[in-house]
Amino acid sequence: MAVLTPFSAGAEEIVARLSYHWAPAHHSAIYCQKFADRVNERGAGKIRIETYPSGQLFGIREIMGALTSGAVELGGVVGTVSFPPVNKNYNAEGLPGVFQSFDHLRGFFRDDPAGKAVWDNILKRTLTTFVAYNPTGPYMSFSAVRPLDSVEAFQGLKPRYLAGLERPRWEALGASAISLPTREVYTSLQNGMIDTLSTVPSAIKAYSWWEYLKFGQKPYQFFADAFILGNQRWWDGLPDDVKQILLEVGEEISKESTESIMRFSDEVLEEFVKEQGGRVDELSGEELAKLEAIDREKVLPAIKDLIDADVLKAVQDYAAK
């Protein structure tokens, strides 16, 4: 209880906790820490942010509820995991091959009327406020047992899924997926409960999953965005000058984290191949056409049940532009 009760170090200083599940070496964890360090420097004597990485306070599936209840002031949130239970139409983020970059994705939720309605609804229902973008990276598949050099390579594998949107694709590829939180992946790879998963390159290094995962497959499936969000009631009670510090640093971190994530992902994959003995295959030609046909003919029809028809049409119209 002492850990979870807000407190202040003095009459003037505000102390806020930033909880996130990412391990310290993960790209998103690095930028969460940079966010806290920068706020602490500029807001010295006014606000101090304490960071709690690796799920010390709340895990990937728990942080949204913790922010809504006010059990923590700030949190690192993965959109594809936390948002669909609030508004299923956020599943649009994970549509394979639709968005071409993080900016393209964000434009839909920021500028398109249908996308903006989804975004505003999520923040309103969760009683949270946006502070910064902090993307986790581009999603791709990894396996411990065989090269992923064809569509057929997925047959019979035992993948893990984190977001519900992943399951239809695994089924379409002939793999039987099970749901596991991030903290259970390493042990499940170790004991053979799973042998495959889709994730961002940063994660295989940060959690040492590449001790077991040896094969990767491109192209990237979608761009997994993440955020630093604040509890709305806590935010509303902050002095204006403190809000300004948080927003200024949040804007800087959004830009820096987004600009570096693709480069960071490439560096991790290079290390995966050169130092961990891994292999990455990128589908092209006939094999890529087969994968795209599966997404179009099998995955998309299944995903339609997870997104309202009008929002799906808005996504498709937006992407077509």
Novice: Which residues pass the side chain to side chain donor-acceptor pair (under 3.5 Å) test with His21, sequence neighbours left out?
Specialist: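 For His21, no residue satisfies side chain to side chain donor-acceptor pair (under 3.5 Å) once neighbours in sequence are set aside.
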Novice: Closer than 3.5 angstrom, by distance alone: can the side chain of Ser257 be matched with the main-chain N or O of Ser254 as a donor-acceptor pair?
Specialist: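 Not confirmed, Ser257 side chain does not pair with Ser254 backbone.
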Novice: Using the ring-ring contact (aromatic ring centres under 6.0 Å, His included) criterion, which residues pair with Tyr220? Sequence neighbours excluded.
Specialist: none
Novice: Between Glu73 and Arg17 (salt bridge meaning N to carboxylate O under 4.0 Å), is one present in this structure?
Specialist: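 Here Glu73 pairs with Arg17 in a salt bridge, since their nearest N and O are under 4.0 Å apart.
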Novice: Taking C-beta and beyond as the side chain, do Ile47 and Leu246 meet within less than 4.5 Å on heavy atoms?
Specialist: yes
Novice: Among the clusters formed by ILVMFWY side chains lying less than 4.5 Å apart, do Phe215 and Val145 turn up in the same one?
Specialist: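 They do not share one cluster, since no chain of ILVMFWY contacts under 4.5 Å joins Phe215 to Val145.
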Novice: Glu256: which residues meet the side chain to side chain donor-acceptor pair (under 3.5 Å) condition with it, sequence neighbours left out?
Specialist: Arg38
Novice: Going by atom types alone, do Gln244 and Asp240 pair a side-chain donor with an acceptor below 3.5 Å?
Specialist: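 Looking only at side-chain atoms, Asp240 and Gln244 do not form any donor-acceptor pair under 3.5 Å.
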Novice: Taking a hydrophobic cluster as the set of Ile, Leu, Val, Met, Phe, Trp and Tyr residues connected by side-chain heavy atoms closer than 4.5 Å, whether directly or through intermediates, do Leu189 and Val280 fall within one such cluster?
Specialist: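 Cluster IDs for Leu189 and Val280 match.
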Novice: Is the closest side-chain donor-acceptor distance between Glu62 and Ser19 under 3.5 Å?
Specialist: no
Novice: Closest approach of Tyr20 and Cys32, non-hydrogen atoms and distance?
Specialist: CE2-CB, 3.5 Å
Novice: Determine whether Tyr52 and Phe58 satisfy the following criterion, ring pair (Phe, Tyr, Trp, His ring centres under 6.0 Å), listing intermediate values before the conclusion.
Specialist: CA-CA 9 Å; Tyr52 294 87; Phe58 300 101; 9.6 Å; no
Novice: List the atom pairs, with distances to 0.1 Å, where a side-chain N or O of residues 312-321 and a protein N or O form a donor-acceptor pair under 3.5 Å, not counting sequence neighbours.
Specialist:
unit_1: Lys313; atom_1: NZ; unit_2: Asp317; atom_2: OD2; d: 2.8
unit_1: Tyr318; atom_1: OH; unit_2: His104; atom_2: O; d: 2.7
unit_1: Tyr318; atom_1: OH; unit_2: Phe108; atom_2: N; d: 3.2

Novice: Can a donor-acceptor pair be found, under 3.5 Å and without considering hydrogens, that links the side chain of Lys243 to the backbone of Gly237?
Specialist: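 Here the side-chain-to-backbone pair does not exist.
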Novice: Any salt bridge (Lys or Arg N to Asp or Glu O under 4.0 Å) pairs touching residues 158-170, not counting sequence neighbours?
Specialist: Arg167-Glu171, Arg169-Asp295
Novice: If you round to the nearest 0.5 Å, how far is CZ of Phe35 from CG of Leu74?
Specialist: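 The distance works out to 6.0 Å.
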Novice: For Glu297, does the CD atom have more than 12 heavy-atom neighbours from other residues, nucleotides or ligands under 6.0 Å away?
Specialist: yes
Novice: Any side-chain heavy-atom pair from Thr136 and Trp22 closer than 4.5 angstrom?
Specialist: yes
Novice: For Ser82, which residues count as a side chain to side chain donor-acceptor pair (under 3.5 Å) partner, sequence neighbours excluded?
Specialist: none
Novice: Got a donor-acceptor contact below 3.5 angstrom from the Arg183 side chain to the Ile60 backbone?
Specialist: no
Novice: Hey, could you give me each pair passing salt bridge (Lys or Arg N to Asp or Glu O under 4.0 Å) that has a residue in residues 189-213? Not counting sequence neighbours.
Specialist: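 Found Lys205-Glu271.
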Novice: For a quick test of reading the model, state the closest non-hydrogen atom pair linking Asp305 to Lys88 and the distance between them.
Specialist: O-NZ, 3.8 Å
Novice: Please name all residues satisfying side chain to side chain donor-acceptor pair (under 3.5 Å) with Glu251, sequence neighbours left out, ordered by chain then number.
Specialist: none
Novice: Using a 3.5 Å distance criterion without hydrogens, assess whether the side chain of Asp112 forms a donor-acceptor pair with backbone atoms of Ala114.
Specialist: yes
Novice: Is the count of non-hydrogen atoms from other residues, nucleotides or ligands lying under 6.0 Å from Lys116 atom NZ greater than 12?
Specialist: no
Novice: Would you compute the distance between atom CZ of Phe154 and atom CG of Leu148 and round it to the nearest 0.5 angstrom?
Specialist: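 It is 4.5 Å, given to the nearest 0.5 Å.
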Novice: Applying a strict under-4.5 Å side-chain criterion to I, L, V, M, F, W and Y, I'd like to know whether Leu238 and Leu18 cluster together.
Specialist: yes
Novice: Can you tell whether the side chains of Glu152 and Lys290 come within less than 4.0 Å, N to carboxylate O?
Specialist: yes
Novice: Set out, in order, the CA-CA distance, both residues' side-chain angles and the distance that settles side-chain contact (heavy atoms from CB on, under 4.5 Å) for Leu95 and Ile307, then state yes or no.
Specialist: CA-CA 10 Å; Leu95 292 172; Ile307 304 174; 3.9 Å; yes
Novice: Could you go step by step and tell me if Thr126 and Leu67 meet the side-chain contact (heavy atoms from CB on, under 4.5 Å) rule?
Specialist: CA-CA 8 Å; Thr126 59; Leu67 282 167; over 6 Å; no
Novice: Passes ring pair (Phe, Tyr, Trp, His ring centres under 6.0 Å), Phe99 versus Phe102? Steps please.
Specialist: CA-CA 8 Å; Phe99 297 108; Phe102 284 104; over 10 Å; no
Novice: Donor-acceptor pair, distance only, cut-off 3.5 Å: does the side chain of Ser202 make one with the backbone of His27?
Specialist: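 Pair found, side chain donor or acceptor close to backbone of His27.
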Novice: Check this for me, if you would: do Glu259 and Lys255 make a salt bridge, where the nitrogen-to-carboxylate-oxygen distance has to be below 4.0 angstrom?
Specialist: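 Yes, this pair counts.
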Novice: Restricting to side chain to side chain contact (heavy atoms under 4.5 Å, CB included), what partner residues turn up for Asn231, sequence neighbours left out?
Specialist: Arg233, Trp234
Novice: Are Leu127 and Met64 grouped together when hydrophobic residues (ILVMFWY) are joined by side-chain heavy atoms under 4.5 angstrom apart?
Specialist: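 Each belongs to a different hydrophobic cluster.
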Novice: Ile14 and Lys46: side-chain contact (heavy atoms from CB on, under 4.5 Å), yes or no, with the steps?
Specialist: CA-CA 6 Å; Ile14 298 164; Lys46 297 179 180 180; over 6 Å; no
Novice: Restricting to pairs with a member in residues 138-149, which pass salt bridge (Lys or Arg N to Asp or Glu O under 4.0 Å), not counting sequence neighbours?
Specialist: Asp149-Arg279
Novice: Output all residues satisfying side chain to side chain contact (heavy atoms under 4.5 Å, CB included) with Ala203, sequence neighbours left out; order by chain, then residue number.
Specialist: His26, Thr199, Val200, Tyr207, Trp209
Novice: Assess whether atom NZ of Lys298 is packed by more than 12 heavy atoms of other residues, nucleotides or ligands within 6.0 Å.
Specialist: no
Novice: Which distance, rounded to the nearest 0.5 Å, do you find between the OG1 of Thr129 and the CH2 of Trp235?
Specialist: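 One gets 5.5 Å once the value is rounded to the nearest 0.5 Å.
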Novice: Between Ile204 and Met262, is there shared hydrophobic-cluster membership here, with clusters defined by ILVMFWY side-chain heavy atoms closer than 4.5 Å?
Specialist: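 Ile204 clusters together with Met262.
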Novice: Donor-acceptor pair, Gln100 side chain versus Val98 backbone, under 3.5 Å?
Specialist: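 Yes.
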Novice: Got a second to check how far Asn91's CG is from Phe83's CZ, nearest 0.5 Å?
Specialist: 12.5 Å
Novice: Tell me the salt bridge (Lys or Arg N to Asp or Glu O under 4.0 Å) pairs involving residues 100-110, sequence neighbours left out?
Specialist: Arg106-Asp225
Novice: Which is it for Ile253 and Val131 under the side-chain contact (heavy atoms from CB on, under 4.5 Å) test, yes or no, and what are the steps along the way?
Specialist: CA-CA 10 Å; Ile253 292 299; Val131 180; over 6 Å; no
Novice: First locate atom CD of Gln33, then atom CG of Asn40, and finally report the distance between them rounded to the nearest 0.5 Å.
Specialist: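 Output value for this atom pair is 8.5 Å.
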Novice: Rounded to the nearest 0.5 Å, what's the gap from CD1 on Ile261 to OG on Ser28? Could you check?
Specialist: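 Rounded to the nearest 0.5 Å, the CD1-OG separation comes out at 6.0 Å.
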Novice: Between Tyr139 and Thr80, does any side-chain donor sit less than 3.5 Å from a side-chain acceptor?
Specialist: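 Short answer, no.
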Novice: Would you call Tyr90 and Phe109 a side-chain contact if the rule is heavy atoms closer than 4.5 Å?
Specialist: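 The answer is yes; the side chains approach within 4.5 Å.
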Novice: Could you point out which residue of Ser179, Pro168, Ser198 forms a side chain to side chain contact (heavy atoms under 4.5 Å, CB included) with Tyr161?
Specialist: Ser179
